[in-house]
Structure formats: structure tokens, C-alpha cells
Amino acid sequence: MTSAYYPQIWQTVLQIPAGKVASYGQIADLAGLPGRARLVGKALGAAPKERPLPWHRVVRSNLQLAFSLGSTEANLQRELLLVEGVIVRGLKVDKAALWTPQLHELLFNLKF
DNA sequence: TAATTGACCCTTT
DNA sequence: CAAAGGGCCAATT
């Protein structure tokens, strides 16, 4: 893990409010890393377990869960989202749950 | 140094 | 709606 990017990716993920979801690409952009969606995935996978990271609020751009249907992680993600009130049909997440961040909020929380 | 990988994305069939 | 092809780029091997 020799990446200085991970921290700011985690920081950005932490800004997703409960009950909302954001896509990998979206996170990458907001973290100041346009085009690095894949890196976000790596960052989440490499995130310390101690860190309370809401990774379940990160989905694919097509609004599908991050994992293949039937996988343990996919089921867990679905559970966690349902608990937060996010509607999940099959692999797809309700589009109404998509996070629409407001610039002033981000600038206040993320200072970089 | 070169090749492979990946919790991805977008457009076109 | 599902599949396919091409692109992307840091991390890892």
C-alpha cells in the first residue's frame, strides 16, 4: 500500500450520507482523481478494518451493487443498505438513493 | 523494466 | 435488457 491517494478516497467516502449511495467514478472525481474509479476499488479493499468505512454506500455507475449476485459481500451490502432505508431490487439500487453532493458541503468537510 | 490485475466506466450491438 | 469491446491508470508481480 504505497499510495498517498487512499486517505483522501476514504475521506470522500465518509462524506456519503446514510441512506444515499455514490458510484466509484463519482468518488474518484470528488476525491480529485478523475478517471481513477478502479483505484477507488483498490482503496476500499485495502482500507484498514478498524476504519469505519461505509463502503456499502459505494456502487457501480450503473447503480448495481459492487459485487456479483449471490456473493457474500453483495448480500451484506444489500443488507446494510436496506437497513439505511435504501431500496434494492435484485442487484440494482433505487436511483432515488443516488447521492447528489453539494459543493459547499464538500468544501467544508474536505479541505484539499 | 515489462506484463498483469482490478470492489470500474462508457458506448455500441 | 444483456453482452461485448475498448479505454483507463495505479499497484503489484
Side-chain angles (χ1 to χ4, degrees):
Chain A
M1 182 284 278
T2 37
S3 174
Y5 298 138
Y6 290 5
Q8 60 191 63
I9 289 177
W10 296 330
Q11 250 253 283
T12 304
V13 172
L14 284 171
Q15 307 310 311
I16 308 174
K20 293 287 182 177
V21 299
S23 75
Y24 288 89
Q26 199 176 358
I27 294 301
D29 289 344
L30 295 176
L33 304 167
R36 258 124 295 195
R38 303 187 82 127
L39 187 56
V40 173
K42 285 247 178 180
L44 294 185
K49 198 189 174 204
E50 292 65 39
R51 196 144 191 163
L53 212 56
W55 59 270
H56 56 279
R57 300 192 192 132
V58 183
V59 299
R60 300 191 185 184
S61 65
N62 54 2
L63 287 179
Q64 290 190 17
L65 298 185
F67 307 89
S68 55
L69 180 61
S71 70
T72 306
E73 292 289 31
N75 289 322
L76 175 59
Q77 179 169 35
R78 181 169 53 70
E79 289 294 322
L80 293 171
L81 288 176
L82 288 175
V83 168
E84 295 187 344
V86 177
I87 301 173
V88 182
R89 297 167 315 200
L91 268 184
K92 293 230 171 168
V93 172
D94 180 11
K95 59 189 175 188
L98 187 57
W99 182 38
T100 48
Q102 297 199 355
L103 192 55
H104 65 78
E105 298 176 353
L106 291 177
L107 293 180
F108 182 79
N109 296 307
L110 308 171
K111 309 171 185 173
F112 61 72

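Not measured: the values here are computed from a predicted model. Naming convention: chains lettered A, B, ... in sequence-line order (proteins, then strands); numbering from 1 in each chain. Only this structure's heavy atoms are used, side chains among them; waters, hydrogens and symmetry mates stay out.
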(message) With nearest nucleotide decided by heavy atoms, which residue, A/K42 or A/P34, maps closer to the 5′ end of DNA chain C?
(response) A/P34

(request) In whole angstrom, give the distance that lies between atom CG of A/L69 and atom C1' of C/dA2. (result) 14 Å

(request) With DNA chain C as reference, determine whether A/R38 or A/Q64 sits nearer its 5' end, using the nearest nucleotide of each. (result) A/Q64

(request) Would you mind reporting whether A/Y6 and A/K42 have side-chain heavy atoms less than 4.5 Å apart? (result) yes

(request) Please report the shortest heavy-atom distance between A/P101 and A/L30, naming the atom on each side. (result) CG-CD1, 4.0 Å

(message) Can you measure A/E73 atom CD to B/dC8 atom C1' for me and round it to whole angstrom units?
(response) 17 Å

(request) With the side chain of A/R36 defined as its heavy atoms from C-beta on, choose the nearest nucleotide among B/dC9, C/dA10, B/dA7. (result) C/dA10

(request) Write down the distance separating the C1' atoms in C/dC8 and B/dT5, rounded off to the nearest Å. (result) 13 Å

(request) Mind listing the closest non-hydrogen atom pair of A/A43 and A/W10 along with its distance? (result) O-NE1, 3.0 Å

(message) Output the rounded distance in Å from CD (A/Q77) to C1' (B/dA7).
(response) 8 Å

Listed pairs, N/O of protein and of nucleotides 10-13 of chain B, under 3.5 Å:
| residue | atom | partner | partner atom | Å |
| --- | --- | --- | --- | --- |
| B/dC10 | OP2 | A/S61 | OG | 3.2 |

(message) With a 4.0 Å limit, can you tell me whether A/R60 has a side-chain N or O closer than that to the phosphate oxygens OP1/OP2 of B/dC8?
(response) yes

(request) Return yes if some donor-acceptor pair links the side-chain N/O of A/S71 with the main-chain N/O of A/F67 below 3.5 Å, else return no. (result) no

(message) Any non-hydrogen side-chain atom of A/Q64 less than 4.5 Å from a side-chain atom of A/L69?
(response) no

(message) Does A/Y5 contact C/dA10 through a side-chain donor or acceptor facing the base, at a distance under 3.5 Å?
(response) no

(request) Determine the contact category for A/G45: base if any of its heavy atoms lies under 4.0 Å from a base atom, sugar-phosphate if only primed atoms, P, OP1 or OP2 are that close, otherwise nothing. (result) base

(message) Give me the distance, rounded to whole Å, that separates B/dG6 from C/dG7 when you measure between the C1' atoms they each carry.
(response) 14 Å

(request) Please tell me if the side chains of A/W99 and A/P17 come closer than 4.5 Å, counting only heavy atoms from C-beta onward. (result) yes

(request) Mind calculating the distance between CZ (A/R78) and C1' (B/dA7) to the nearest angstrom? (result) 17 Å

(request) Starting from P on C/dA11, measure out to CG on A/L44 and report it in whole angstrom. (result) 14 Å

(message) Just the rounded figure in Å: distance from P of B/dC9 to CG of A/L63.
(response) 10 Å

(request) Let me know the distance between CD1 of A/I9 and P of B/dC8, rounded to the nearest Å. (result) 13 Å

Using a 3.5 Å cut-off and no angle test, enumerate the donor-acceptor pairs between side-chain atoms of residues 80-95 of chain A and protein atoms at least two apart in sequence or in another chain.
| residue | atom | partner | partner atom | Å |
| --- | --- | --- | --- | --- |
| A/E84 | OE1 | A/G19 | N | 3.2 |
| A/E84 | OE1 | A/R57 | NE | 3.0 |
| A/E84 | OE2 | A/H56 | NE2 | 3.1 |
| A/E84 | OE2 | A/R57 | NE | 3.2 |
| A/E84 | OE2 | A/R57 | NH2 | 2.8 |
| A/D94 | OD1 | A/A96 | N | 3.1 |

(request) Flag the pair A/V58 / A/I16 as yes when at least one side-chain heavy-atom distance between them is below 4.5 Å, and no otherwise. (result) yes

(message) Please give the distance between the C1' atoms of C/dT12 and B/dT1 as a whole number of Å.
(response) 14 Å

(request) Please state how far atom CG in A/L65 lies from atom P in B/dC8, giving the value in whole angstrom units. (result) 12 Å

(request) From the options C/dA10, B/dC8, B/dA7, select the nucleotide whose nearest atom is closest to the side chain of A/A37. (result) B/dC8

